[in-house]
Amino acid sequence: MWRLARCASSNLSRSLRRRCFYTAAIPGPCIVHKRGTDILHDPWFNKDTGFPLTERDRLGLRGLLPPRVISFEHQYDRFMESYRSLEKNTQGQPHGSVSLAKWRILNRLHDRNETLYYRVLIDNIKDFAPIIYTPTVGLVCQNYSGLFRRPRGMYFSAKDKGEMMSMIYNWPAHQVDMIVLTDGSRILGLGDLGVQGIGIPIGKLDIYVAAAGINPQRILPVMLDVGTNNQKLLEDPLYLGLRQPRLEGEEYLSIVDEFMEAVHTRWPKAIVQFEDFQMKWAFETLQRYRKRFCMFNDDIQGTAGVALAGLLGTVRAQGQPLSDFVNQKIVVVGAGSAGLGVLNMAIEALSRMSGNNEMAVKNKCYLLDKDGLITKERKNIDPAAAPFAKDLKDVEGLREGASPIEVVKKLKPHVLLGLSGVGGIFNEEVLKAMRESDSTKPAIFAMSNPTMNAECTAADAFKYAGPNIVFGSGSPFEDVDLGNGKVGHVNQANNMYLFPGIGLGTLLSGAHIITDGMLQAAAECLASYMTDEEIQKGILYPSIDSIRDITAEVGAAVLRAAVEEDLAEGHGDVGPRELKHMSKPETVAYVSRNMWFPVYSPLVHEK
Ligand SMILES: NC(=O)C1=CN([C@@H]2O[C@H](COP(=O)(O)OP(=O)(O)OC[C@H]3O[C@@H](n4cnc5c(N)ncnc54)[C@H](O)[C@@H]3O)[C@@H](O)[C@H]2O)C=CC1
Ligand SMILES: CC(=O)C(=O)O
Ligand SMILES: [Mg+2]
C-alpha cells in the first residue's frame with residue numbers, strides 16, 4: 001500500500017534547517033599540491049583577490065595579485081552587481097542572446113573560482129537554475145562548438161576504444177562520487193546534438209552541487225562521443241565531435257561497456273547517472289548495467305518519480321483520498337524513455353494501491369506517440385510500448401492512431417501529461433477540450449524541455465483549460481495572474497527534484513546498486529512533502545529555493561530504503577550498523593551534514 005506519511009521533518013523546521021546550511025562550520029584546511037600561478041589557474045583552489053596575506057606567502061602568491069585582500073562577501077557582492085548590471089543593460093534585447101550572456105558570465109566564474117561560483121548558485125538557485133539548467137542549457141548545447149573556450153569533464157570517443165582504462169586516470173581527482181554520462185543522442189527535446197550534449201551533464205552536476213551538496217571536486221561530467229546522425233552538425237566546420245554517423249549495435253555497446261568498466265575499476269563506488277540517451281539505448285543500458293553497477297537512468301527513473309508525485313498531488317488537490325488515484329484517467333502523450341518510465345511507475349503504484357490488479361489500472365492509462373493513440377492494431381509496435389497498447393474494443397469511438405484532440409474529447413481525462421518533445425502540441429483546441437474533463441480539477445503537465453518544446457505554455461493552459469487546473473511544466477514559467485487576486489500556480493515538474501537526492505542518498509548509503517525500492521522511496525518522499533494547504537493551492541512541489549531541504553529528505557528516504565533492503569555498506573567513517581540505528585530525523589540530519597557548502601578553506605601546500 002502506498003504510504004503518504006509526512007517526511008521526517010515538518011515544514012516548520014524547513015527554514016531552521018535552511019539556516020544550518022548557511023552557517024557552515026569553520027572549514028578544515030585543504031591540501032594543495034601546487035604553488036603560485038598554478039593555484040590561481042585552478043578554479044578548485046583559486047580565491048582570486050581573496051587570498052589572505054599569510055596564505056599568499058605560504059603558497060608563493062605574493063606579488064601575483066593586487067595587494068588589497070577582498071573578502072568573500074565583497075567578492076560575492078561584486079559578482080552579483082555585475083550580473084545585475086548585465087540584466088539592466090540587456091533589457092529589451094532578444095531573450096536568447098540575453099540568456100546566453102548570463103550563461104557566459106556565470107560560466108566565466110565557474111572556470112575561474114568554483115567556490116564563489118557555487119556560493120552564488122546556491123544562494124540564487126531560483127534565478128540561476130534557468131541559466132545553467134533548462135531552458136538555457138539547451139541553447140548552450142545547440143551552440144556549444146561556437147561557445148567552447150575551455151573543456152570541462154571528460155570526453156571518451158569511439159576512437160578511444162581500448163584506451164579508456166588508462167584514460168580514466170587522466171582525470172586529476174583522486175575520488176569521484178558522481179558521474180553524469182550522455183551520448184548526446186537526445187538532448188532535452190532538441191534531438192541528436194552529438195558531442196555538444198556535454199552541456200547537459202555539466203548542468204545536471206551543477207544541480208547536484210547546488211541541491212545535494214556533492215563536492216564539486218568529486219563530480220565528473222562525461223561525454224561518450226560515438227558520432228552523430230545530425231547532418232547539420234556533421235557539415236558544421238566548427239563541430240567539435242567525431243564527424244561520423246553514430247555507432248550502432250554491438251559496436252556501440254562495447255564502447256559503453258568499456259567506459260563503465262574503466263570507471264568502476266578506478267572508482268568502484270562512483271554512481272553513474274545516464275542522461276539524455278535515445279530511447280532504445282536508455283532502456284537497453286539500464287537493463288544491462290543496473291544489477292552490475294551503481295547507476296540509474298534519470299530520464300526513465302527520475303522523471304517517473306517526479307511525475308508520480310505530481311499525479312498523487314493532483315488527487316489530493318481534487319480533495320480526494322489517495323485511493324482515488326485508481327480512478328484517474330491518465331493520457332500520456334510521448335511514448336519515449338520518459339513517458340514510458342512515468343507510466344510504468346504510475347501503474348506499479350496504482351496496482352499496489354488497488355491490490356495488484358495491474359490490468360484494471362492499465363485500462364485507465366492511455367499512451368500516444370508521434371503516430372497517435374497506441375492500440376493493439378499498431379504495426380511494428382515498439383516492445384517497450386506494447387504493454388500499454390489498447391484493445392480497440394476498450395476504447396470505443398477511438399481508432400488506432402487517434403490524435404490528442406480526438407483522445408481528449410472522447411475520454412475527458414483527469415490528467416493530460418506531455419513528454420513528447422513537441423512544442424505547442426497541447427494547442428488551444430486540446431486545452432479547451434480539457435474543460436470537459438471528468439475532473440473538477442484536471443491536471444495538465446507539459447513536461448518537455450526546453451521551454452520552446454513544452455507541450456503548452458502556462459498562460460495558455462490557464463487561459464484555455466480554465467482557472468481550476470493544476471499545472472506543471474518541465475521548464476520554468478511565471479505563475480499566471482488569473483485576475484481578482486487569483487494566481488494560477490506553475491509547478492516545475494522536473495526530475496531535478498529527485499535526481500540529486502537519489503545520488504546523495506545512494507552515495508551515503510554505500511549501496512552498490514540502485515533498486516526500485518530506493519527509487520520508490522524517493523518518489524514517496526516527494527509526494528508527501530507538501531502540506532494539504534499548499535496542495536489545495538495547486539502547489540505540488542516545493543519552491544526551487546528550498547531544493548536543499550527536499551534533497552536532504554529524499555536523500556534520507558533513499559538511504560533508509562537501502563538500509564531496509566540490506567544494501568547499505570556505509571560511507572566514510574559511518575558503517576552499516578550506525579546507519580541502521582539512525583532514526584528518520586537523524587538520517588535527515590546526517591544527510592544534511594554531509595552536504596558540501598562553499599567557503600574558502602585555508603590552503604596548505606604539500607609537495
Ligand atoms: N520534465 C522532466 O523532468 C523531463 C522531461 N523530459 C522531456 O521529455 C521529452 C521526451 O523525452 P524522451 O521520452 O526521453 O524522448 P524520446 O525521444 O525517447 O521520446 C519521445 C516520444 O514522443 C513521441 N512523439 C514525437 N512527436 C510526437 C507527436 N507529434 N505527438 C505525440 N507524440 C510524439 C515519440 O514518438 C516518442 O514516443 C523531451 O523533451 C525531454 O526534454 C525528459 C525527461 C525528464
Ligand atoms: C529534465 C530532463 O532530464 C530532460 O528534459 O531530459
Ligand atoms: Mg534528461
Side-chain angles (χ1 to χ4, degrees), residues 44 114 151-156 160 163-183 198 200-224 255-277 282 285-286 288-302 495 498-515 518-519 522 551 554-555 558-559 562 567-576 579 591 594-596:
W44 283 353
E114 290 212 348
R152 180 168 288 279
M154 288 193 81
Y155 304 76
F156 293 84
D160 297 318
E163 300 297 328
M164 293 185 199
M165 199 60 91
S166 56
M167 281 169 72
I168 199 82
Y169 287 89
N170 289 344
W171 187 246
H174 289 301
Q175 184 56 44
V176 163
D177 292 335
M178 200 64 232
I179 293 172
V180 178
L181 171 75
T182 190
D183 68 355
I198 183 69
I200 289 293
I202 294 170
K204 290 269 175 185
L205 283 162
D206 271 357
I207 297 288
Y208 263 107
V209 178
I214 300 286
N215 186 332
Q217 293 192 17
R218 291 172 168 232
I219 61 174
L220 176 56
V222 177
M223 160 56 59
L224 273 189
I255 297 285
V256 195
D257 282 351
E258 188 179 332
F259 169 77
M260 292 299 278
E261 292 292 348
V263 158
H264 286 86
T265 302
R266 183 165 182 204
W267 303 297
K269 287 265 170 175
I271 301 161
V272 184
Q273 171 169 324
F274 278 58
E275 192 69 50
D276 289 8
F277 283 69
T285 50
L286 182 59
R288 193 172 179 94
Y289 301 125
R290 71 174 305 195
K291 298 244 161 71
R292 274 169 63 203
F293 298 114
C294 198
M295 58 81 64
F296 69 106
N297 183 295
D298 181 40
D299 299 295
I300 300 173
Q301 298 168 301
N495 50 31
L498 283 190
F499 70 75
I502 294 171
L504 180 61
T506 304
L507 174 73
L508 295 178
S509 75
H512 62 281
I513 54 167
I514 299 175
T515 61
M518 289 157 74
L519 296 164
T551 300
V554 171
V558 170
L559 195 163
L567 287 169
E569 294 173 6
H571 177 78
D573 294 339
V574 179
L579 291 178
V591 172
N594 274 278
M595 289 180 169
W596 175 86

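- Lys269 places a side-chain N or O within donor-acceptor distance of the main-chain N or O of Gly510, the cut-off being under 3.5 Å.
- Minimum heavy-atom separation, Val263 to Ala270: CG1-CB, 4.3 Å.
- Considering CE of Met165 and CD of Glu258, their distance stands at 7.5 Å, rounded to 0.5 Å.
- Tyr155 and Arg152 make their closest contact through OH-O, 3.5 Å (heavy atoms, listed as atom of the first residue, atom of the second, distance).
- Under the 4.5 Å side-chain criterion, counting only non-hydrogen atoms from C-beta, Trp596 is not in contact with Arg218.
- The CG atom of Leu498 lies 9.0 Å from the CG atom of Leu519; values are rounded to the nearest 0.5 Å.
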Legend entry - side-chain contact (heavy atoms from CB on, under 4.5 Å) assessment of Glu261 paired with Arg292: CA-CA 10 Å; Glu261 292 292 348; Arg292 274 169 63 203; 2.9 Å; yes
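- Tyr289 places a side-chain N or O within donor-acceptor distance of the main-chain N or O of Asp257, the cut-off being under 3.5 Å.
- A distance-only check finds no donor-acceptor pair linking the side chain of Gln175 to the backbone of Gln217 [under 3.5 Å].
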Legend entry - CA sep, side-chain torsions, deciding dist, call: Phe296, Met518, side-chain contact (heavy atoms from CB on, under 4.5 Å): CA-CA 11 Å; Phe296 69 106; Met518 289 157 74; over 6 Å; no
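- Note that CG of Leu220 and CG of Leu205 are 8.0 Å apart. Values are rounded to the nearest 0.5 Å.
- Scanning both residues, Thr182 and Glu275, for their nearest heavy atoms gives OG1-O, 2.7 Å.
- The shortest distance between side-chain heavy atoms of Leu181 and Phe277 falls below 4.5 Å.
- Considering only heavy atoms from C-beta on, Leu507 stays 4.5 Å or farther from Met178 through its side chain.
- Leu286 has its side chain out of reach of Phe274: every pair of non-hydrogen atoms, C-beta onward, lies at least 4.5 Å apart.
- Looking at Trp267, its side chain does come within 3.5 Å of a backbone N or O of His174 through a donor-acceptor pair.
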Inset, instruction - Please test Ile513 against Leu567 for side-chain contact (heavy atoms from CB on, under 4.5 Å), starting from the C-alpha separation and ending with a verdict. - result: CA-CA 8 Å; Ile513 54 167; Leu567 287 169; 4.3 Å; yes
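- One distance of note links CD1 of Ile271 with CD1 of Ile214; it measures 7.0 Å at 0.5 Å rounding.
- At a threshold of 4.5 Å between non-hydrogen side-chain atoms, the residues Glu114 and Val209 do not count as touching.
- No side-chain heavy atom of Val256 sits less than 4.5 Å from a side-chain heavy atom of Asp183.
- A donor-acceptor pair under 3.5 Å is absent between the side-chain atoms of Arg290 and the main chain of Met295, judged by distance alone.
- When side chains are defined from C-beta on, Leu504 counts as touching Met595, because their heavy atoms get closer than 4.5 Å.
- Note that CG of Leu224 and CE of Met154 are 11.0 Å apart. Values are rounded to the nearest 0.5 Å.
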Legend entry - Derivation and outcome, side-chain contact (heavy atoms from CB on, under 4.5 Å), residues Met164 and Ile255: CA-CA 9 Å; Met164 293 185 199; Ile255 297 285; 3.7 Å; yes
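- Side chain of Gln273 to main chain of Phe499: no donor-acceptor pair is present (N/O by atom type, distance under 3.5 Å, no hydrogens or angles).
- The heavy-atom pair separating Cys294 from Ala511 by the smallest distance is SG-O, 3.6 Å.
- Of all the heavy atoms in His264 and Val272, the pair that sits closest is CE1-CG2, 3.7 Å.
- If you take CG on Asp177 and NE2 on His571, they are separated by 6.0 Å, rounding to the nearest 0.5 Å.
- When every heavy atom of Val180 is checked against every heavy atom of Pro201, the shortest pair comes out as O-CB, 3.3 Å.
- For the pair Val558/Ser509, no side-chain contact is recorded, criterion being any heavy-atom separation below 4.5 Å from C-beta on.
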